[in-house]
2 protein chains.
Amino acid sequence: MAPNDAVLAPFRKQGHDHGKCVRDALTAAEQVCAREGASLTPLRRRVLELVWGAHAPVRAYDLLDTLRGERRRAAPPTIYRALDFLLSVRLIHRIESLNAFVGCADPKHSHGGQFLICDGCGAVAELDDPTIARRVADRARALGFTPRRQTIEISGRCPDCAADG
Amino acid sequence: MAPNDAVLAPFRKQGHDHGKCVRDALTAAEQVCAREGASLTPLRRRVLELVWGAHAPVRAYDLLDTLRGERRRAAPPTIYRALDFLLSVRLIHRIESLNAFVGCADPKHSHGGQFLICDGCGAVAELDDPTIARRVADRARALGFTPRRQTIEISGRCPDCAADG
DNA sequence: CTGTTTATGTTATATTATAACAATCTCTGT
DNA sequence: ACAGAGATTGTTATAATATAACATAAACAG
């Protein structure tokens, strides 16, 4: 097994500096958008902040509820457009098995991402193990298939929840 | 790369004997249910037949529309319950990235399954490469995570569609 | 044949997502 | 500054996916 540099975002300890995670993510986002000529408007920036705020996958309508507290005219398209933008510049990932969204732990480098999702507490860890990604892609190509996007999501129990039922 | 015994269901050629696929699947389903003491009622059997009928992922409401032609009182719960049953005995898989369902190519053996999904024609191939499954599970366990279920879906272009845009 | 469990019917509603068009903002060239 | 073009957001409506809750009926165990 390769070393753990494949771990982009581990499960977080209870008392980690959450605010710092969010600030770092926003700083990285500014840089990514500047580099790509994408426009990180206040709305988009705020939605990204809300996504990171949870440090777990967040559903679109939960974001919408929060956003409505501060922006009365927010409607579903408001959120979905912001999410679409953030997906397009890869600042967030969509967790297909939850219909929810998480901040991308390493937006500066393109990657598919592999997600460990805890059934107990909802926490998510993001991996990027190139061995897995490559093996999957090789398998696909061996069948004449041209891979474009990988969705790899593992549900189970995080270390903290493994002890419980 | 290991040989192709990891391929449970390849992409199908145009003129393959589709009816035989469906009949074989229903036969296998009878056996699996008999073995597990699960009750494959006419309704559940019919829904499984409809899922296999398409030989591609089918959405719940498409199944419902079809079913309504022959069973007037069918409603969303009718379909969702049948699908839940079929999932529980692993006769079908849910494709998370499409909100759709496909017949399981090898219901007699428990497996997570890896899916190649063509953006062009919607066809799906099902793999079960133990190397991938094991590597993913090992990675998870190395982080103290207890894996329960793997969702691995690769979208791209099947051999027939790769030539096109 | 009777109570219990399993399966299905039925109505209503929750959740997730997009279509379509209007208004506003931003940026560019002049 | 101003006009035009393109991008972003507002607004209303609705589509698509899924489940809750309770009623009825079928299967089957004692």
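Only a predicted model underlies this, so the values are computations on that prediction, with no experimental measurement involved. By convention in this document, chain letters (A, B, ...) are assigned in the order of the sequence lines, proteins followed by strands, and residues within each chain are numbered from 1.
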- Work out which heavy atom in B:A60 is nearest to a heavy atom in B:L83; give both atom names and the distance.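 Minimum heavy-atom separation between B:A60 and B:L83: CB-CD1, 4.0 Å.
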
[X] has an atom [atom1]; how far is it from atom [atom2] of [N], in whole Å?
X	N	atom1	atom2	value
A:R68	D:dG10	CZ	C1'	12 Å
B:R72	C:dT11	CZ	P	14 Å
A:L67	D:dT9	CG	C1'	12 Å
A:I79	C:dT15	CD1	C1'	15 Å
A:L40	C:dT26	CG	C1'	16 Å
A:R73	D:dT11	CZ	P	5 Å
A:I95	C:dT16	CD1	C1'	16 Å
A:L43	D:dT9	CG	C1'	8 Å

- How about A:R35: does its CZ atom have over 12 heavy atoms from other parts shown lying under 6.0 Å from it?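 Above 12, so yes.
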
- Task: Could you tell me whether the side chain of B:C104 reaches within less than 4.5 Å of the side chain of B:L91, counting heavy atoms only?
- Result: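 Of all side-chain heavy-atom pairs linking B:C104 with B:L91, none is under 4.5 Å.
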
- Query: Under a 4.0 Å N-O cut-off, is there an ion pair linking A:R135 with A:D138?
  - Reply: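 Here A:R135 does not pair with A:D138 in a salt bridge, since their nearest N and O are not under 4.0 Å apart.
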
- Item | SB check B:R45 B:E30 (cutoff 4.0 Å) |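 Salt bridge: yes.
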
- Message: Mind checking if A:R71 touches a base, just sugar-phosphate, or nothing, with heavy atoms under 4.0 Å?
- Response: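 Sugar-phosphate: the residue A:R71, judged by heavy atoms under 4.0 Å, touches backbone atoms but no base.
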
- Side-chain N,O (B:R44) to OP1/OP2 (C:dA7) below 4.0 Å: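 True: B:R44 side-chain N/O within range (under 4.0 Å) of C:dA7 OP1/OP2.
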
- Report yes if at least one side-chain N or O of A:T41 is closer than 4.0 Å to OP1 or OP2 of D:dT9; otherwise report no.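 Yes, A:T41 has a side-chain N/O under 4.0 Å of OP1/OP2 on D:dT9.
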
- Query: Any idea how A:F145 and B:F11 line up, ring-wise: parallel (<30°), tilted (30 to 60°), or perpendicular (>60°)?
  - Reply: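 Ring orientation of A:F145 relative to B:F11: parallel.
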
- Can you check each nucleotide of nucleotides 14-23 of chain D against protein heavy atoms at under 4.0 Å and return B for base, S for sugar-phosphate only, - for none, in 5' to 3' order? ---BBBBB--

- Query: Closer to the 5' end of DNA chain D via nearest nucleotide, is it A:F85 or A:A75?
  - Reply: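 Nearest nucleotide further toward 5': that of A:F85.
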
- Task: Examine A:F115 together with A:H93 and report whether their ring centres are nearer than 6.0 Å.
- Result: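 Yes, the ring centres sit under 6.0 Å apart.
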
